[in-house]
Amino acid sequence: MASQAEQLPQLHLAEVTATQFMDIWKHYDVDGNGYIEGTELENFFTELETARRGAGVDPSHASFKEKMKEFMANFDKNDDGRIELSELAQILPTEENFLLCFREFVKSSSQFMTIWRRYDTDRSGYIESNELKGFLLDLLKKANRNYEEKKLNEYTQTILTLFDLNGDGKLGLSEMARLLPVQENFLLKFQGIRLTVKEFDSIFTYYDQDGNGYIDEQELDALLKDLCDKNKMDVDSTGLGDYKKSIMALADGGKLYRTEMEIVLCRDSTL
């Protein structure tokens with residue numbers, strides 16, 4: 001029976017195609033939770049070492065543990081003991097490195113939110129395949145990368161396959177944000193407190209103190225502080241300011257309407 005490393009010879013390559021990268025990710029993220037962790041991580045590292053060194057690796061040996069610890073110190077940027085997509089892109093660079101192109105030109109969550117607003121052209125709350133293709137096209141142009149229509153279609157499909165967690169053929173804000181460097185993905189901070197539509201409506205109405213149908217920067221500041229305090233989130237004033245700046249990038253002339261806020265805070269958006 002062929003081993004997993006033999007089934008995936010791409011592990012030894014210095015550069016993999018977008019499709020190979022996607023196949024490797026899906027192969028090792030067995031439970032599909034968006035991380036390579038636990039036994040998945042041990043299997044990945046074992047087979048990566050075997051593929052690149054051309055020799056068997058003994059996971060029970062003390063030297064293996066040390067090598068894996070060093071490996072994680074290099075690539076696990078947020079020290080959570082697991083590997084996510086943006087970190088795997090550092091380990092297995094893709095041709096054109098289209099995942100890292102994104103990170104080169106989008107270095108903060110506020111830049112990301114500005115881009116989201118630009119490419120969610122129909123204000124649906126999603127980046128759909130045609131909008132995603134336009135985004136990737138502009139990204140490759142900015143990076144001065146040559147591309148063909150066939151490759152552009154492959155990259156679009158790869159991004160959808162990797163990040164479209166619910167399989168609806170489009171990317172929600174939290175799905176698209178997985179392209180961000182881990183430390184910049186402020187949406188991860190809100191994962192544990194995503195609201196129902198009913199909860200969101202109640203909160204939006206409460207903080208829209210003047211009843212004008214939108215939340216301004218001052219009202220958003222109060223909302224975020226209370227939300228963090230209520231859910232015992234350890235966020236300092238600098239972090240809170242960064243969150244606010246990122247969300248305000250969705251604003252229209254300093255006004256955050258219900259639709260924009262729902263995208264960020266609501267887990268079962270009806271959009």
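Side-chain N or O atoms of Glu219 include one that pairs as donor or acceptor with a backbone N or O of Asp216 at under 3.5 Å. Of the possible polar contacts, one joining the Thr158 side chain to the Glu154 backbone as a donor-acceptor pair under 3.5 Å is found. Side chain of Lys170 to main chain of Gly167: no donor-acceptor pair is present (N/O by atom type, distance under 3.5 Å, no hydrogens or angles). Remark: side-chain polar atoms of Asp221 are not paired, donor with acceptor, to backbone N or O of Glu217 under 3.5 angstrom.
A salt bridge is absent between Arg258 and Asp208; no separation between the charged side-chain nitrogens and carboxylate oxygens falls under 4.0 Å. Between Asp76 and Arg82 there is no salt bridge, since no side-chain N of the basic residue sits under 4.0 Å from a carboxylate O of the acidic one.
From Glu149, atom CD reaches atom NZ of Lys133 across 3.5 Å, with rounding to the nearest 0.5 Å. Distance check, rounded to the nearest 0.5 Å: CE of Met261 to CG of Asp201 gives 12.0 Å. Remark: Thr196 OG1 to Glu199 CD distance equals 3.5 Å, nearest 0.5 Å. A distance of 12.5 Å separates CG of Asp164 from CD1 of Ile127, quoted to the nearest 0.5 Å. The structure places CD1 of Ile36 at 5.5 Å from CZ of Phe44, a figure rounded to the nearest 0.5 Å. To the nearest 0.5 Å, atom CD of residue Glu70 and atom NZ of residue Lys65 are 15.5 Å apart.
Residues Phe64 and Glu42 form a side-chain contact, since some pair of their non-hydrogen atoms from C-beta on lies under 4.5 Å apart. Using a 4.5 Å heavy-atom cutoff, the side chains of Tyr126 and Leu171 are not in contact. Leu48 places a side-chain heavy atom less than 4.5 Å from the side chain of Phe71. A 4.5 Å side-chain heavy-atom check between Glu40 and Ile83 finds every atom pair outside the cut-off.
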Apply side-chain contact (heavy atoms from CB on, under 4.5 Å) to the pair Gln20 and Leu92, showing each step before the final yes or no.
CA-CA 10 Å; Gln20 287 171 334; Leu92 298 174; over 6 Å; no
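Linking ILVMFWY residues whenever their side-chain heavy atoms come closer than 4.5 Å, directly or via other members, leaves Leu224 and Tyr257 in distinct clusters. In the hydrophobic cluster analysis, where Ile, Leu, Val, Met, Phe, Trp and Tyr join through side-chain heavy atoms closer than 4.5 angstrom, Leu256 is grouped together with Ile203. The hydrophobic cluster containing Tyr214 does not contain Tyr207, counting ILVMFWY residues as joined when their side-chain heavy atoms lie under 4.5 angstrom apart, directly or transitively. One hydrophobic cluster holds both Leu137 and Ile159 under the rule that ILVMFWY side chains link at heavy-atom gaps under 4.5 Å. Note: the hydrophobic cluster containing Trp25 does not contain Val30 (ILVMFWY, side chain heavy atoms under 4.5 Å, direct or indirect links).
Counted by atom type alone, Asp80 and Tyr35 present zero donor-acceptor pairs between their side chains at under 3.5 Å. Tyr28 and Glu47 share a side-chain donor-acceptor pair at under 3.5 Å.
Atom CZ of Phe75 has more than 12 heavy atoms from other residues, nucleotides or ligands within 6.0 Å.
Using bins of under 30°, 30° to 60° and over 60° for the plane-to-plane angle, the ring pair Phe135/Tyr119 lands in the perpendicular bin.
Smallest separation of non-hydrogen atoms from Glu131 and Asp120: OE2-C, 3.9 Å. Residues Ser129 and Leu160 come closest through the heavy atom pair CB-CD1, 3.9 Å.
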